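Before any comments, here is the structure.
Indexing begins at 1, ligand by ligand and atom by atom, following the structure's order. Note that the structure is predicted; figures quoted are calculated from it, not measured.
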Amino acid sequence: MNIDVVTIFPEMFNCVFSYGVISRAIKTGKINFNVHNLRDYAYDKHKIVDDKPYGGGCGMVLKPEPICRAIKKIKSKKKVYVVYMSPQGKILTQSKVFELYNKKSLIILCGRYEGVDERVMQYVDEEVSIGDYVLTGGEIPAMVLIDSVCRYVEGVVKEKGSLEKESFLNKFLDYPQYTRPYKYLGKSVPKILVSGNHKGIELYRKKESIRNTFKKRPDLLEKVCLTEEESKILSEIIMEEKNEFRSFNVRSKCNKKNK
Ligand code: ADE
């Protein structure tokens with residue numbers, strides 16, 4: 001995977017990608033990661049990369065020439081897909097992450113201030129946003145994109161199956177996980193997980209995945225097509241949750257009476 005970033009704050013990236021599995025993948029050459037300082041492409045004495053907006057208004061706009069020079073130079077060496085991080089872009093979802101991973105070579109342009117001169121868009125293949133909120137610049141969104149894309153690079157996420165089993169590419173959120181100690185804060189790990197019954201564990205995890213989705217992100221269930229088995233499990237969960245809610249109400253009424 002080739003990733004080139006164009007930014008006025010290159011040090012931000014050195015800091016974040018010097019840790020963990022992505023740092024290892026960069027060191028071993030699985031990811032070819034380069035950060036370009038936009039100021040290196042500003043040819044005036046003061047290396048100016050921004051200017052006031054035509055028509056007035058507050059803030060500054062990133063000038064087009066340094067950005068276009070940077071992109072042109074990186075593009076001259078390889079075929080790349082240019083992404084501009086912007087709150088106006090398409091929302092980054094897991095399927096968008098996978099789509100971008102499949103491009104294999106990305107240039108990620110980070111905006112700052114009031115954005116970039118519109119003429120730069122001729123060099124941009126896609127605008128991507130990490131959510132409907134505005135940050136002070138595209139660097140943190142670019143890091144989010146890079147982190148999520150790089151997880152697909154072979155060998156970055158070590159354990160076989162962990163990518164296939166995770167949330168969002170599947171229909172459901174993850175199931176809850178437990179590790180030692182067996183008993184903590186008065187709660188024990190569900191018995192099935194220490195039973196050695198692999199089929200039972202698989203079924204339990206599927207059910208808890210669906211329960212998690214039902215309780216935390218019911219909107220996701222509206223978008224998916226459930227198998228017969230999944231619909232049955234969901235009906236069971238709805239009944240269980242209703243009963244839980246009823247007994248909670250009874251309990252809280254009892255508590256009130258006892259007071
Ligand atoms: N730059 C500022 N806010 C952003 C966002 N939400 N997504 C991508 N880039 C941004």
Side-chain angles (χ1 to χ4, degrees), residues 1-17 19-20 22 31 33-42 48-71 74-75 80-153 166-169 216-217 219-220 223:
M1 184 87 212
N2 290 299
I3 298 179
D4 289 272
V5 177
V6 179
T7 169
I8 58 165
F9 294 130
E11 292 81 10
M12 285 175 78
F13 290 85
N14 302 340
C15 160
V16 167
F17 294 116
Y19 298 95
I22 296 189
I31 301 167
F33 181 59
N34 299 296
V35 185
H36 306 263
N37 189 341
L38 186 60
R39 291 194 196 280
D40 293 342
Y41 297 88
I48 291 171
V49 290
D50 58 346
D51 208 338
K52 287 181 277 187
Y54 272 114
C58 56
M60 299 290 267
V61 175
L62 285 177
K63 288 164 73 62
E65 310 97 303
I67 295 176
C68 293
R69 274 187 214 122
I71 295 176
I74 303 163
K75 263 194 157 174
V80 283
Y81 192 75
V82 182
V83 175
Y84 168 46
M85 302 313 302
S86 139
Q88 295 171 23
K90 286 205 196 99
I91 299 284
L92 187 69
T93 58
Q94 196 66 45
S95 56
K96 175 59 70 188
V97 169
F98 192 56
E99 208 183 296
L100 292 172
Y101 160 70
N102 280 318
K103 302 286 180 197
K104 301 296 178 200
S105 274
L106 299 174
I107 295 179
I108 305 171
L109 171 63
C110 306
R112 273 274 147 185
Y113 317 120
E114 294 307 305
V116 299
D117 185 293
E118 191 60 27
R119 289 163 291 186
V120 163
M121 290 305 150
Q122 290 173 40
Y123 281 88
V124 170
D125 295 304
E126 186 165 0
E127 278 182 77
V128 174
S129 162
I130 61 161
D132 287 337
Y133 43 84
V134 182
L135 300 167
T136 54
E139 282 76 11
I140 291 172
M143 288 174 205
V144 170
L145 189 152
I146 294 164
D147 193 286
S148 54
V149 163
C150 287
R151 294 181 69 247
Y152 283 112
V153 173
E166 71 188 349
S167 313
F168 296 116
L169 260 196
K216 297 180 185 170
R217 290 288 307 275
D219 57 303
L220 294 176
K223 294 179 201 148

Atom of G111, atom of V116 and distance for their closest heavy-atom approach = CA-CG1, 4.4 Å
Is there any protein N/O under 3.5 Å from an N/O of ligand 1, and what does the full list of such pairs look like?
unit_1: ligand 1; atom_1: 3 (N); unit_2: L135; atom_2: N; d: 3.0
unit_1: ligand 1; atom_1: 6 (N); unit_2: G131; atom_2: O; d: 3.2
unit_1: ligand 1; atom_1: 6 (N); unit_2: Y133; atom_2: O; d: 2.7
unit_1: ligand 1; atom_1: 7 (N); unit_2: I130; atom_2: N; d: 3.0
unit_1: ligand 1; atom_1: 9 (N); unit_2: S86; atom_2: N; d: 3.1

For the pair K96 and E126, find out whether any cationic side-chain nitrogen is under 4.0 Å from an anionic carboxylate oxygen.
-> yes
Can you tell which of V5, I130, L92, T7 makes a side chain to side chain contact (heavy atoms under 4.5 Å, CB included) with M85?
-> I130
Should the pair F33 and F17 be assigned to parallel (<30°), tilted (30 to 60°) or perpendicular (>60°) ring geometry?
-> perpendicular
Considering all heavy atoms, the nearest K75-Y123 contact = NZ-O, 4.3 Å
For Y54, is the NZ or CZ atom of K52 found under 6.0 angstrom from the centre of its six-membered ring and inside 45 degrees of the ring axis?
-> no
